[in-house]
Visitor: 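I'd like to ask some things about the structure below.
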Amino acid sequence: MTQMVFLLGALILAVAFGRNSVGNVFGSAIGTGMLPLRLCAFLMGIFIALGAFVGIGEVSESVSRYVAFTNPISVFYFSVLLALLIFIFTYLGLPLSVAQMGMGGLAGWHLATNGQMHLSQILILVQAWIFSPLFSAFIAFVIFKIFRYLLKKHPVSLLNKELWIRFHMVWIGCLMAYTIGANNLSVIIQPFTMALTLPDFMIKGIICLFVGIGCLLVSRRVIKTISADLFPLNSVEALMMTLSAGLTLLLFSFGFSYLPAIPISSGAALIGAIVGISLAKGGYGLKVRPLIWVASSWMWVPFLSGLTCFAFVSMIQKWGVL
């Protein structure tokens, strides 16, 4: 029973995770009116769970290097702090990544409890977070050029085009949801599987259930940021953006070639794809001010998460609580 009480922190964090993630994955499809919100939330919950049970492997091993929890109460405190930060930034409409916030928080907690942090481990994270949106932008640029060439060579009727776009939005969104479950969700699952004695499948199942609940409570502010505030996407461009970001997460989830198998930002991959599409169209239409606001958050959000955890741990250690 005590273990289930400590798992409550994971459930709060899972709801916050799901609420933000739907906007990241299906925000463009919902914003362009191609897919209904409830269908997107249902598919998101199912395929995130599938990724969590089937896809998590190498990424979870990478996350475990940053976990410094010695008892269940520590991971409970960590998850509640992280959930609070996610709810705040989701309210602000930021397409943030739980992976970045979680890894930043884990680094801060590790530093406060162990008094040291290997610089090489931090550099691997930072390099991946910088490289992933650039990689996504490159993929989106290439895909946009290929799609435009094929559509010119093989034009389709308006009705068939709409059905074609809806079909591909569904499976591409499901692919990205799967990769988020295999990549980002490990930041939530791994600390609890290491700190609690409950069976791993039970912890994963309960967390995935509450991620699904969070998906139904999707933030429309995040959807607006993805689908309109940065770049006015049409339905075809929204499709290409999601595909590019999904491929980026997939490659980083399994450590393809020289890419490390670590959690990366799904939001950063999406924004990178938007920039790649904009550049493929000549750079017109991209709104620089909101882009700078979102891109800068990739740096200060994990730093703030780490600083918050470091300060919290230092305070409760001083009081003798931890």
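Note that the structure is a prediction, hence the values are computed from the model and not measured.
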Visitor: How would you list, by chain and number, every residue that makes a side-chain contact (heavy atoms from CB on, under 4.5 Å) with Phe144, sequence neighbours excluded?
Guide: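 Counting only residues at least two positions away or on another chain, Phe144 forms a side-chain contact (heavy atoms from CB on, under 4.5 Å) with Arg148, Glu237, Met240, Ile277, Ala280, Lys281.
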
Visitor: Tell me whether Phe42 is reachable from Val211 by hopping between hydrophobic residues (I, L, V, M, F, W, Y) whose side-chain heavy atoms are closer than 4.5 Å.
Guide: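 Yes.
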
Visitor: Give me the atom names and distance for the closest heavy-atom approach of Ala177 to Met44.
Guide: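 Result for this residue pair: CB-SD, 3.8 Å.
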
Visitor: So which atom in Phe147 and which in Leu239 form the shortest heavy-atom distance, rounded to 0.1 Å?
Guide: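 Closest heavy-atom pair between Phe147 and Leu239: CE2-CD2, 4.1 Å.
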
Visitor: Which distance, rounded to the nearest 0.5 Å, do you find between the OG1 of Thr242 and the CD1 of Ile172?
Guide: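 So the gap between those two atoms works out to 7.0 Å.
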
Visitor: Inspect the surroundings of CZ in Arg38 and state if more than 12 heavy atoms from other residues, nucleotides or ligands are less than 6.0 Å away.
Guide: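 Not more than 12 within 6.0 Å, no.
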
Visitor: Are Leu247 and Ile143 close enough that some pair of their side-chain heavy atoms sits under 4.5 Å apart?
Guide: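 With C-beta onward as the side chain, the pair touches.
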
Visitor: Heavy-atom distance under 4.5 Å between the side chains of Ile274 and Ile271, does that happen here?
Guide: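 A side-chain contact under 4.5 Å exists here.
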
Visitor: Main chain of Phe310, side chain of Ser314: is a donor-acceptor contact present, judged purely on distance under 3.5 Å?
Guide: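 Indeed, once roles are kept as given, a pair shorter than 3.5 Å links the two residues.
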
Visitor: Locate the shortest heavy-atom distance separating Cys215 from Ala41; write the atom from each residue and the value.
Guide: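 Where Cys215 meets Ala41 most closely, the heavy atoms are O-CB, 3.5 Å.
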
Visitor: Determine the minimum heavy-atom distance between Phe53 and Phe201, stating which atoms define it.
Guide: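 Shortest heavy-atom contact: CZ-O, 3.7 Å.
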
Visitor: Using every non-hydrogen atom in the two residues, find where Ser244 and Ala140 come nearest and quote the distance to one decimal.
Guide: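 Smallest heavy-atom distance, with atoms named: OG-CA, 3.1 Å.
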
Visitor: With hydrophobic residues grouped by side-chain heavy-atom distances under 4.5 Å, do Ile146 and Val275 end up in a single group?
Guide: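 Result: no, two separate clusters.
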
Visitor: Report the distance from atom CZ of Phe141 to atom OG of Ser278, rounding to the nearest 0.5 Å.
Guide: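 These two atoms lie 10.5 Å from each other.
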
Visitor: If you measure from CG on Leu279 to CZ on Phe138, what distance do you get to the nearest 0.5 Å?
Guide: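 Separation between the atoms: 12.5 Å.
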
Visitor: Determine the minimum heavy-atom distance between Met169 and Leu35, stating which atoms define it.
Guide: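 Met169 and Leu35 have their closest heavy atoms at CB-CD1, 3.9 Å.
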
Visitor: Nearest 0.5 Å please: distance from the CZ atom of Phe135 over to the CD1 atom of Ile139.
Guide: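 That separation rounds to 4.0 Å.
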
Visitor: Which distance, rounded to the nearest 0.5 Å, do you find between the SG of Cys208 and the CD1 of Ile203?
Guide: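 Spacing of SG (Cys208) from CD1 (Ile203) equals 11.5 Å.
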
Visitor: Indicate the ring-plane relationship of Trp171 and His168, choosing parallel, tilted or perpendicular according to the 30° and 60° boundaries.
Guide: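 Judged by the thresholds at 30° and 60°, the geometry between Trp171 and His168 is perpendicular.
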
Visitor: Side-chain heavy atoms under 4.5 angstrom apart, residues restricted to Ile, Leu, Val, Met, Phe, Trp, Tyr: same cluster for Phe303 and Phe312?
Guide: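 No, Phe303 and Phe312 fall in different hydrophobic clusters.
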
